[in-house]
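Remarks on the structure that follows.
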Amino acid sequence: MAVLELVTSRPDWMGALTVALTRPPGVPERRAGDDPWQEGAARAPRPRRISDDLAWLRQAYDEPAAHGLRGLEDTAAVAAWEASSEARERLERLRDRQVLDAAGFLLHEEVAV
């Protein structure tokens with residue numbers, strides 16, 4: 001089980017967007033020369049971008065149930081949601097790129113003992 005927790009009074013969407021649009025140090029531009037939308041080219045799936053996951057998080061904040069998040073009651077957190085497995089994948093990508101932190105969220109995961 002993964003739990004998403006809002007640790008600030010409200011999310012910092014601009015801070016999260018700033019982090020999402022900043023290429024991590026040492027990572028080269030991955031799409032240099034690639035054009036999956038070029039006519040005549042083999043249709044590759046659209047490359048996943050961290051900004052897509054951030055847009056998903058913004059929508060999930062407004063409509064959690066429709067995005068695989070179930071609100072938790074009786075917590076000391078500002079807000080907390082239990083994440084489905086699909087939502088967890090997106091949240092892990094956002095956490096790994098430090099976008100969740102920038103927005104004011106923490107992702108808590110169950111620790112195997």
Side-chain angles (χ1 to χ4, degrees):
M1 174 177 73
V3 174
L4 177 66
E5 177 186 1
L6 177 62
V7 296
T8 59
S9 60
R10 62 180 206 200
D12 180 2
W13 301 119
M14 289 305 293
L17 183 59
T18 299
V19 171
L21 295 177
T22 302
R23 193 170 1 141
V27 175
E29 176 58 50
R30 292 176 294 168
R31 288 177 281 283
D34 292 346
D35 189 359
W37 297 279
Q38 180 182 14
E39 291 208 25
R43 293 310 265 175
R46 182 171 181 238
R48 173 161 305 280
R49 296 186 174 138
I50 198 68
S51 57
D52 293 337
D53 288 334
L54 178 57
W56 172 87
L57 178 62
R58 180 66 182 93
Q59 293 171 345
Y61 179 75
D62 289 335
E63 299 174 359
H67 292 85
L69 299 175
R70 183 179 61 83
L72 298 176
E73 303 295 325
D74 298 329
T75 67
V78 174
W81 303 267
E82 183 178 347
S84 68
S85 60
E86 182 181 316
R88 181 180 182 165
E89 288 178 26
R90 290 179 180 265
L91 294 168
E92 287 173 347
R93 283 192 297 269
L94 288 164
R95 180 202 54 209
D96 294 346
R97 284 283 303 274
Q98 300 172 343
V99 175
L100 273 184
D101 290 341
F105 292 94
L106 290 176
L107 182 62
H108 304 282
E109 298 183 76
E110 188 173 28
V111 178
V113 178

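Residues take their numbers from the sequence shown, with the count starting at 1. Being a predicted model, the structure only gives us computed values, none of them experimental.
The side chain to side chain contact (heavy atoms under 4.5 Å, CB included) check on Glu63 picks up Ala66, His67, with sequence neighbours excluded. Evaluation of the salt bridge (Lys or Arg N to Asp or Glu O under 4.0 Å) rule for Arg95 yields Glu109 as partners, not counting sequence neighbours. With sequence neighbours left out, Glu92 forms a salt bridge (Lys or Arg N to Asp or Glu O under 4.0 Å) with Arg88. Residues passing the salt bridge (Lys or Arg N to Asp or Glu O under 4.0 Å) test with Asp62, sequence neighbours excluded: Arg58.
Phe105 is listed as a side-chain neighbour of Leu57, based on a closest heavy-atom distance under 4.5 Å.
Between the CZ atom of Arg93 and the CG atom of Asp53 there is a distance of 4.0 Å, given to the nearest 0.5 Å.
Hydrophobic clustering (side-chain heavy atoms under 4.5 Å, transitive across Ile, Leu, Val, Met, Phe, Trp, Tyr) keeps Tyr61 apart from Leu72. Hydrophobic cluster membership is shared by Val78 and Leu69, with clusters built from Ile, Leu, Val, Met, Phe, Trp and Tyr side chains linked at under 4.5 angstrom.
Closest approach of Leu91 and Leu100 over heavy atoms only: O-CD1, 3.5 Å. Taking all atoms of both residues into account, the shortest heavy-atom contact from Ala20 to Leu54 is CB-CD2, 4.1 Å.
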Which donor-acceptor pairs under 3.5 Å do side chains of residues 2-19 form with protein atoms, sequence neighbours excluded?
unit_1 : atom_1 : unit_2 : atom_2 : d
Glu5   : OE1    : His108 : NE2    : 2.6
Thr8   : OG1    : Arg10  : O      : 2.8
Asp12  : OD1    : Gly15  : N      : 2.9
Thr18  : OG1    : Met14  : O      : 2.9

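In summary, of the residues considered (Val99, Leu21, Thr22), a side chain to side chain contact (heavy atoms under 4.5 Å, CB included) with Ile50 occurs for Val99 alone.
Applying the side-chain hydrogen bond (donor to acceptor under 3.5 Å, both in side chains) definition to pairs two or more places apart or across chains, those involving residues 76-87 are Arg70-Glu82.
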